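Data block below; observations after.
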Amino acid sequence: MEGTTIKKSTSRKVFLVFDYVLMIAIALICIYPFWYVLCYSFSDTALASINSPTFLPRGFTLANYKEILTLDGFFHSLLISVLRTVIGTAASVFCCSFLGYLFTKGKMPGRKLLYRFVIVTMYINGGMIATYIVMKAYGLLNTFWVYILPGMISAYNMVLIKTYIEQLPPSLEESASLDGAGYTTCFFKIILPLSKPIIATVIVFVAVGQWNSWFDNHIYTRANESLTTLQYLLYNYLNEAQRIAEQLKSASSSTDVTQAVAAISPKGVRMTITVLASLPIFVVYPFMQKYFAKGIMVGAVKG
Amino acid sequence: MRQKTALAIKRPKDYKLLWMALPFIAVVFLFSYVPIFGWIYAFFDYVPGVSVTKCDFVGWDYFKLILTDANVLRSLKNTVIFAIISICLSPLPMLLAILMNEIRNGPVKKFVQTFTTMPNFISWVIIFSLATALFASDGLITGWLASLGVGKTGDTILASNDAVYWFQTCLGLWKSLGWNSIIYMAAISGIDQEQYEAARVDGAGYFKCALHVTLPAMMETFVVLFILNIGNFLNTGYEQYMLFKNSLTATNIEVLDLYVYRIGLQNMDYSYGVAISVVKSVVSISLVVIANLIAKKIRGKTVI
């Protein structure tokens with residue numbers, strides 16, 4: 001190994017080939033499932049069930065997408081998902097950034113104590129059942145607000161923003177407050193525009209979290225169908241398909257089988273909802289990438 | 001004169017700031033602290049809809065029940081197995097970062113980074129849907145395996161209780177490996193190039209550079225994350241396990257969090273569910289504190 005330079009460069013070449021192949025393979029493994037589901041959604045369901053659309057759609061058709069448009073509750077669940085993402089993100093980002101701003105003020109009485117009061121929530125929480133009982137007591141079950149209120153203040157995001165504001169030059173704000181601007185004016189007119197990078201980072205992460213969440217839908221608002229989100233709609237379809245598949249296995253008579261097959265939602269429809277539910281992530285992803293490093297680096301400073 | 005007095009009075013306080021912060025503090029109190037007070041339900045025979053004061057006080061009965069409940073033991077075993085696997089695999093993101101760093105071709109690097117980090121932003125429901133498309137009895141990969149003669153047609157890994165541990169681990173890796181490596185990529189980009197040059201002058205090849213310059217630079221990050229993860233090891237979360245649980249995989253996939261969900265929200269045994277949560281939280285917090293103390297001993301500073 002440690003011989004001549006030429007020998008070294010051959011082993012280096014072998015390593016590089018291996019490295020490139022491995023890395024590209026990992027990337028393809030990450031992306032391929034999405035491609036397959038996308039191909040499936042554009043395939044003719046009957047053809048696709050015989051011959052899998054491994055690399056390209058089988059019998060290209062928009063039938064699945066047309067069927068989605070007529071699907072019961074699809075547009076409504078899309079609306080709920082969009083609403084919770086927009087309102088939830090706006091509320092959470094405002095609360096975290098304003099509170100973070102207030103915590104940068106040394107003049108706040110009891111600042112250290114209150115700051116710790118918020119930080120503690122990163123390490124300890126009541127747990128699922130106790131939280132459920134409390135939400136129930138507040139009368140939030142089966143209301144839209146259970147999507148928004150509990151996540152309004154994230155200690156972690158608040159710390160990210162506070163850390164960012166602290167490193168801004170204080171002179172900018174001082175000159176404004178000399179002109180008689182209050183804290184709120186200073187926050188909206190000076191601090192917020194200057195904190196754009198960190199605010200954008202937090203917006204992206206909160207919005208993705210809101211769009212992706214389904215568990216609160218499952219435990220708090222299951223009984224209220226008008227609050228079904230897109231993710232939960234997909235969950236229901238998948239669950240139902242799995243249940244029926246299990247029934248099929250244990251079905252004794254042929255009538256059982258035909259009944260079960262008739263009840264199952266077509267695979268193409270499920271694949272199409274999967275594509276549509278992941279689409280927003282793909283669309284905002286290029287914008288998100290810009291903020292990765294930033295979000296993580298600030299997080300690391302805290303860690 | 002005036003300035004002097006202003007300095008003498010130690011930093012004047014502005015109560016307006018306190019009033020402005022209070023509504024936010026109230027939200028934190030209502031949604032994060034009140035549930036912790038809900039822990040008292042573990043000491044009562046709580047009936048939904050009845051105020052705690054009217055419920056029977058049962059003392060430590062529910063906690064004693066935990067010790068004799070075979071299901072707790074089984075889900076604890078599952079949790080510990082998942083945790084041990086994830087601890088063993090925790091250097092993987094670091095390895096990926098090193099291998100990714102050796103790729104000097106810009107577009108290829110961009111391609112690999114983009115697609116390996118993306119699954120982290122995909123919800124578990126969608127991952128479950130993708131997994132169904134590939135691994136269900138009529139799934140693509142199931143079909144491939146059957147045609148290769150591995151496994152029978154109609155057999156699905158999703159229903160295999162023996163495969164639960166490694167299959168769920170693989171899904172978790174698929175989702176988060178690339179994302180977890182980003183922090184190490186950042187650590188690598190922070191390395192002073194002069195260190196590499198110095199190592200090269202000393203005759204180190206690429207491999208030795210990676211071993212003696214890149215790796216040590218990442219160890220600090222690794223240790224911090226490792227310690228934080230130890231505190232989290234009972235908190236596996238519910239989403240993944242709940243989605244992939246079915247009648248055939250139930251015994252191996254049920255982790256503590258999922259068991260709490262089943263006891264509390266499916267069997268409506270609130271008090272017992274809270275009792276298990278309380279024990280879990282106490283253990284988690286103790287682990288964080290202990291890990292932090294160890295970190296202080298080793299590194300001279302705390303992690304948190």
Side-chain angles (χ1 to χ4, degrees), chain A residues 8 12 19-20 22-24 26-27 30-31 33 36-37 40 52 95 99 102 105-110 114 117-118 121 123-134 149-150 152-153 183 208 212 214-215 219 231 234-235 238 242 246 270-271 274 277-278 281 285 292-293 296-297 300 303, chain B residues 11-15 17-18 20-21 24-25 27-28 31-32 34-36 38-39 41 99-100 102-103 108 111-112 114-116 118-119 121-123 125-126 128-130 132-134 140 143 174 178 182-183 186 205-206 224 228 238-239 246-247 260-261 264-265 270 273-274 277 281 285 288:
Chain A
K8 232 176 207 168
R12 174 74 186 161
D19 194 24
Y20 272 76
L22 182 70
M23 290 298 112
I24 292 172
I26 291 178
C30 286
I31 197 66
Y36 175 67
V37 167
Y40 210 111
S52 287
C95 289
L99 187 62
L102 292 177
K105 298 275 166 251
K107 281 194 209 161
M108 183 196 284
L114 290 176
F117 182 84
V118 179
T121 63
Y123 301 102
I124 181 166
N125 64 71
M128 179 196 287
I129 313 297
T131 309
Y132 176 84
I133 296 173
V134 168
L149 297 175
M152 246 177 14
I153 294 182
Y183 294 116
V208 169
N212 279 345
W214 59 280
F215 200 68
I219 62 176
Q231 302 280 342
L234 178 62
Y235 170 82
L238 292 165
Q242 195 181 38
E246 275 182 30
R270 276 177 279 143
M271 298 292 107
T274 308
S278 35
I281 305 290
Y285 190 70
F292 280 178
I296 278 200
M297 288 312 278
Chain B
R11 286 182 130 195
K13 296 290 180 191
D14 188 345
Y15 281 87
L17 282 162
L18 187 63
M20 290 170 96
F24 301 102
I25 302 295
V27 170
V28 174
F31 291 99
S32 299
V34 175
I36 299 173
W39 284 2
Y41 289 122
L99 290 176
M100 199 123 74
E102 293 298 327
I103 288 182
V108 174
F111 170 83
V112 173
T114 303
F115 290 125
T116 51
M118 205 179 51
F121 297 92
I122 298 296
S123 77
V125 174
I126 290 173
F128 179 57
S129 176
L130 299 176
T132 315
L134 297 176
L140 181 70
W174 181 83
I182 285 195
I183 191 158
Y206 288 100
V224 169
L228 287 176
Y238 332 85
E239 297 197 10
N246 55 49
S247 57
V260 170
Y261 166 76
L265 295 184
Y270 290 132
V274 173
S277 292
S281 295
I285 295 162
V288 171

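On a predicted model such as this, the values are computed, not experimentally measured, just so you know. In what follows, chains are A, B, ... by sequence order, proteins preceding strands, each numbered from 1. Values reported hereafter were calculated over all heavy atoms of this structure, with side chains retained and with hydrogens, waters and symmetry mates removed.
Top candidate by heavy-atom pairs under 4.5 Å with chain B, chosen from A:Phe215, A:Tyr20, A:Phe117, is A:Phe117. Heavy-atom pairs under 4.5 Å with chain B peak, among A:Ala277, A:Ala27, A:Pro150, A:Cys30, at A:Cys30. Between chain B and the options A:Tyr40, A:Trp214, A:Tyr132, heavy-atom pairs under 4.5 Å are most frequent for A:Trp214. Comparing A:Leu114, A:Ile153, A:Ile219 by heavy-atom pairs within less than 4.5 Å of chain B, the highest count is held by A:Ile153. Options A:Ser52, A:Pro109, A:Gly127 differ in how many heavy-atom pairs under 4.5 Å they form with chain B, and the most are formed by A:Pro109. Each of A:Val208, A:Leu99, A:Ile133 has some count of heavy-atom pairs under 4.5 Å with chain B, and the biggest count is that of A:Ile133.
Contact annotation for B:Tyr41: only side-chain heavy atoms (C-beta onward) come within less than 4.5 Å of a heavy atom of chain A. For chain B, the nearby parts of A:Met128 are the backbone and the side chain; heavy atoms of each come within less than 4.5 Å. Both the backbone and the side chain of A:Ile124 come within contact range of chain B, each with at least one heavy atom under 4.5 Å from a heavy atom of that chain. Looking at A:Met23, the atoms closer than 4.5 Å to chain B (heavy atoms on both sides) sit in the backbone and in the side chain alike. Using a 4.5 Å cut-off between heavy atoms, A:Tyr36 touches chain B through its side chain atoms alone. For a residue to count as touching a neighbouring chain, one of its non-hydrogen atoms must lie under 4.5 Å from one of that chain's; by this rule A:Ile24 touches chain B with backbone and side chain alike. Residue contact with chain A, scored on non-hydrogen atoms closer than 4.5 Å, involves the side chain of B:Ile285 exclusively. Residue contact with chain B, scored on non-hydrogen atoms closer than 4.5 Å, involves the backbone and the side chain of A:Leu149 alike.
Residue B:Val125 comes nearest to A:Tyr235 through the heavy atom pair CG1-N, 3.8 Å, listed as atom of the first residue, atom of the second, then distance. Closest non-hydrogen pair, A:Ser278 versus B:Ile122, comes out as CB-CD1, 4.1 Å. Across all their heavy atoms, B:Gly38 and B:Val274 have their closest contact at O-CG1, 4.0 Å. When all heavy atoms of B:Ser129 and A:Thr274 are compared, the closest pair comes out as OG-OG1, 2.6 Å. When all heavy atoms of B:Val260 and B:Ser277 are compared, the closest pair comes out as CG1-OG, 3.5 Å. Contact record, A:Ala130 with B:Pro35: CB-O, 3.3 Å, taken as the closest heavy-atom pair.
Taking the side chain as every heavy atom from C-beta outward, B:Tyr206 and A:Arg12 approach each other to under 4.5 Å.
Results of the side chain to side chain contact (heavy atoms under 4.5 Å, CB included) test with B:Asp14 over A:Lys107, A:Met108, A:Lys105 single out A:Lys107 as the only residue that passes.
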